[in-house]
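As structure tokens, the structure follows; a few thoughts come after it.
Proteins come first, then strands; the chains are lettered A, B, ... in the order of their sequence lines, and each starts at number 1.
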Amino acid sequence: MRRLIPVGVVLVLCPLAAVALLVAPDRDRSASPRAANEPSDRPTVSDRARTLLERAATAPAITPYHGVAFVAAWTKGGSTSEVVTVDHVPGRGTTVRSSGTATAPARSLTVQTSGAPSLGDGAVGVLARHYSLAVGGEDRVAGRPVDIVAARWPGDRPGAVAARFWLDRSSGLVLRREVYDDRGRTVRASAFVEVSVGTGDVAPTRANHAWASTLDRDQLTVMRRQHWHCPVTLPGSLTLVDARRSGTGGDAIVHLAYTDGISTVSVFEQRGRLAGGGLTGHRLDSVGGHEVWVRGHVPERVVWASDDTVYTVVADAPTRTVDAVVAALPHYGGAGSDTLGRLGRGLDRVASWFNPFG
Amino acid sequence: MTHLGPRISALVDGELDHEGRDRALAHVAHCAECRDLLDAERSVKDLLAAAGSPPPPPRVIASLHGLARPGGPLPPRARTMPQGPVVPVLPSPGRRSLTRPSGGRPATYDGSRRVSRRVRLAAVGTFSVVALLLGGAFAAGGQSGPSAPVVPPAAELSVEHTATTAGITVGDPGLGAAGSLPDMTPASASAR
């Protein structure tokens, strides 16, 4: 009998290990694969850079302003740019107006930002965890003196700049911002061409707010058992920092917000299947071998259904990061009804129950 | 102190016996961590319960209607016992007796046969564990029911993205909001 136990243990553990190996690659892929622009070493952060950025992060909460700015983005679908008027009043929100062009009508939007993230550190904490930060010189933007802070990748490409911030020396506001991809190409640029600090015009009752119902980590753990995906990390060092919910029951939509301090990605999960006929304003595309609906404007939007869940990814991030995020999320669409698809999905779910990192 | 762990779910579902429930509630009274988990579990389950049960799929209803229709006569019940004369069960001539001779090891005891039996037992055990795992995974991989067609509210999701993410990166909220303008038609913008 004593000999039987080791033999049995070995024979039982071997298939268990095999099953674990079958599960592990999928979980790793959906949890935190290294993307091309993922840093690997500990970043170095200068005290002065951190102080300037923390001041910039809190400045909109105490400083009204009015200005004219340009916003430009480069994606695989092409480039876009727009000139907008920005008004900001603390406590009321921010109104952005576009005067329109020959092909696009005039539009406006007022939002009240949610403030501190519900799950993670503040903006500077997340940024300093992923990028080396240093003051990179002085300049002028819209006629105002600014300090430049550069965020650099600390690992595989030491010295390569991921983003630059031009910070108003007087108010601390971010007056210009540029983001670069892993080849050093500019992928986002925005800057004020005119700005007056201390005045703004926002109607008191027009603001769109973030969904009020926040989710904490315990609630997310319970929801994962109910087959909501809710990963803690995504490719590109993106970390879950905020989770919210809108609606209840069958109408519920879960919003998971991820960032590495520069890029932002929102993953929305919604029960149901995509209605037939496609999505207006989207084109059918393939990402990582999966069929998805894509809208190429910034923020990029990618929509698809996996089993009984519709995923919508809204991203302000380099295209390669967006593609890696989309590929890492579930895609059981066509295979959902066959045995292997169901088995793979089940192993994925079982693994998620025992994975403390989501 | 040992936390409740999976027993929290059983407590919410009323699956603990009287004594287990008392022990769990006594622990919850003194453990803030488990109390928070219990509240979270309850709130999510209440939320799910409020959603109601989805109706059964039309295919299942059609099958049930089919069963209710009048059909042909039932097939005769298979006989479970042989009708012939009862034959006493005796060891076959070639079969070795399992009885031990007085005061010694069994006369038919064979080492290789014992190992073979152990391997067989281990193989059966392994097969059972793997079958249980795969069966469990197959069950867990099932869909929760028929899903309704939905169209994601694109403009609302873009605004939600903007309102949330402007607070988690260093940048101007207005410049971040400008990214959502392509979703704003004049009508929806004025309605907001």
Checklist entry - Do you know which two heavy atoms are closest between B:A163 and A:A210, and how far apart they sit? => result CB-N, 3.7 Å
Checklist outcome for this item: Scanning both residues in full, the closest heavy-atom pair of B:T164 with A:H255 reads OG1-CE1, 3.5 Å
Is [X] in contact with chain B via its backbone, its side chain, both, or neither, using a 4.5 Å heavy-atom distance?
{"X": "A:Q270", "value": "side chain"}
{"X": "A:L279", "value": "side chain"}
{"X": "A:T312", "value": "side chain"}
{"X": "A:R244", "value": "side chain"}

Report yes if the side chains of [X] and [Y] come closer than 4.5 Å at any heavy-atom pair, otherwise no.
{"X": "A:V126", "Y": "B:I168", "answer": "no"}
{"X": "A:S246", "Y": "B:E156", "answer": "yes"}
{"X": "A:I253", "Y": "B:P152", "answer": "no"}
{"X": "A:L109", "Y": "B:V159", "answer": "yes"}
{"X": "B:V170", "Y": "A:V124", "answer": "yes"}
{"X": "B:V150", "Y": "A:R273", "answer": "no"}
{"X": "B:T169", "Y": "A:I262", "answer": "no"}
{"X": "A:S266", "Y": "B:E160", "answer": "no"}

Checklist entry - When rounded to the nearest 0.5 angstrom, what distance separates CZ in A:R295 from OG in B:S158? => result 5.0 Å
Checklist entry - How many angstroms lie between CG in A:D218 and CG in B:L37, if you round to the nearest 0.5 Å? => result 4.5 Å
Checklist entry - With respect to chain A, which residue among B:I8, B:V151, B:L157 yields the maximal number of heavy-atom pairs within a distance under 4.5 Å? => result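 Top option by heavy-atom pairs under 4.5 Å: B:L157.
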